[in-house]
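So you know, we letter chains A, B, ... as the sequences are listed, proteins then strands, and number each from 1.
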Protein chains: 2
Amino acid sequence: MSSADRKAKKKEELKALILEASMKLFVEKGIEQTTIRNIADAIDYSIGTVYIYFKDKNAIFHALHTQCFAELGVQFRVLYDLNDPMERLKAMGKLYIQYAMDNPDKYDLMFSLKAPMEFLNDTQANEWEEGTASFEVLRTVVQECIMAGHFKGHRLEPLSYLIWGCVHGLCSLEIRARTKGVLLKNPDTIVADGYDEFLKLLDKQ
Amino acid sequence: MSSADRKAKKKEELKALILEASMKLFVEKGIEQTTIRNIADAIDYSIGTVYIYFKDKNAIFHALHTQCFAELGVQFRVLYDLNDPMERLKAMGKLYIQYAMDNPDKYDLMFSLKAPMEFLNDTQANEWEEGTASFEVLRTVVQECIMAGHFKGHRLEPLSYLIWGCVHGLCSLEIRARTKGVLLKNPDTIVADGYDEFLKLLDKQ
DNA sequence: CAAATAAAATGAACATTGTTCATTTTTCCA
DNA sequence: TGGAAAAATGAACAATGTTCATTTTATTTG
């Protein structure tokens, strides 16, 4: 291994170390309590060093958001065991909600927080790769459902967006604390119960 | 009018003045750019004065969020002209989405931002009145739909939450910039198109 | 009307934040 | 071994929410 290679590897390792510490702090304390100083402290480096490896706080959180999409992708792998597209679609929604409820802050980072999108704006990216890839997975399943005779009279892309919107809405209202305080009869199961109603709707298609 | 009354009235007026300036700044520049200093400047008072009338920034934004619910409530009044509950439900969703698209920051404040809910936490309130009242309106319409023979086999409260979640999800993904960058065929109309698909689902019920 | 009291308004000061950059330290090769 | 390149440092800056001793204004009382 050449000297340059060793140096590049070390840089990558430190970058990974920063992300590891950031993720830990983020999951433990949320995005606002994850400060550059906290991160620097956690890895025993100075503030300035963090800025050598990441342009700013948004860049760190964009990298974390990318890791979360990879994590969700791993959990989605079991879906390929399901041959019936309709069953796959239903299971996908269930897994999506499960991930959101198990990892509310990570979900928030992926689908609500501004940091990752601001990073894309700053870097003049006109595509959100993680979003595009995920939506493509969903659209493909819906497409298969349509080809299997479901969703007559529906349009592929708007229908896919509706399905995404439904599961996202159920999760988002819960995570953003809009179900707490509404005096629901079963607040603890409202997200799962809501999804059950969605499945009933789909069953009639 | 007694002296005490005059004083109380003046206090209310200044409170309203603070809210008016806050709302203007918030709609123009967003929540992060609406600083206590900006508000104080806008009404020609000092920073400290703002803190006499509101406990903290969260208190201001909770008050603004309440005003937004009142505003949406006014727009919902036309719904009472519709006798068919299913038509009323559909129109309600359309109005809800319209409000969100016309007032993205206000919608964000009502259903996504943490400030109003943090205020409730701080004041040890265990009810979110605006949310309870709004959900009650929705649940009532859904109840009427059920009584009119729709949504056979569905449960009232979870179904109502699902419907709320659907329209919220469509709006939230758009407002939180998750549709931009996903390379949709019709990004400009995706929210309306998604809702159209939802209406098609409902029509089959 | 004048003095005393209460209420309201002030803004300097504090702790925290993200961020920058001149300086110091370390690394590495000739 | 010396010097250049790279990496790391942390003081400093501007901006934020918030507090509170002080000042100003309003009100009441003798």
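- Distance B:I60 CD1 to D:dG17 P: 9 Å, rounded to the nearest Å.
- Across residues 40-54 of chain B, B:Y45, B:S46, B:G48, B:T49, B:I52, B:Y53 each have a non-hydrogen atom less than 4.0 Å from an atom of DNA chain C (numbered order).
- When rounded to the nearest whole Å, the span between CD of A:Q33 and P of C:dT17 equals 8 Å.
- Separating the CD1 atom of A:I36 from the P atom of D:dA12 is a distance of 21 Å, rounded to the nearest angstrom.
- Scored by the ring pair (Phe, Tyr, Trp, His ring centres under 6.0 Å) test, A:Y99 finds no partners at all (sequence neighbours excluded).
- Checked by atom type and distance alone, the side chain of A:R176 never pairs as donor or acceptor with a backbone atom of A:C171 at under 3.5 Å.
- The ring pair (Phe, Tyr, Trp, His ring centres under 6.0 Å) check on A:F135 picks up A:W164, with sequence neighbours excluded.
- Atom NZ of A:K57 is separated from atom P of C:dT20 by 15 Å (rounded to the nearest Å).
- Contact check of residues 12-30 of chain B against DNA chain C (heavy atom, cut-off under 4.0 Å) returns B:L14.
- Under the 30°/60° scheme for interplanar angles, the aromatic rings of B:H65 and B:F69 are found to stand perpendicular.
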request  = Please test A:H62 against A:N58 for side chain to side chain contact (heavy atoms under 4.5 Å, CB included), starting from the C-alpha separation and ending with a verdict.
outcome  = CA-CA 6 Å; A:H62 176 267; A:N58 284 342; over 6 Å; no
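- A:N38 has its CG atom 11 Å from the P atom of C:dT16, to the nearest Å.
- Nucleotide C:dA15 holds its P atom 14 Å from the CZ atom of A:R37, rounded to whole Å.
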Under 3.5 Å, sequence neighbours excluded: what are the donor-acceptor pairs made by side chains of residues 17-25 of chain A?
from, atom 1, to, atom 2, distance (Å)
A:S22, OG, A:I18, O, 2.6

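- For the ring pair (Phe, Tyr, Trp, His ring centres under 6.0 Å) test, residues two or more places apart in sequence or in another chain that qualify with B:Y107 are B:Y96, B:F111, B:H168.
- Between the side chain of B:N38 and the backbone N or O of B:Q33 there is at least one donor-acceptor pair closer than 3.5 Å.
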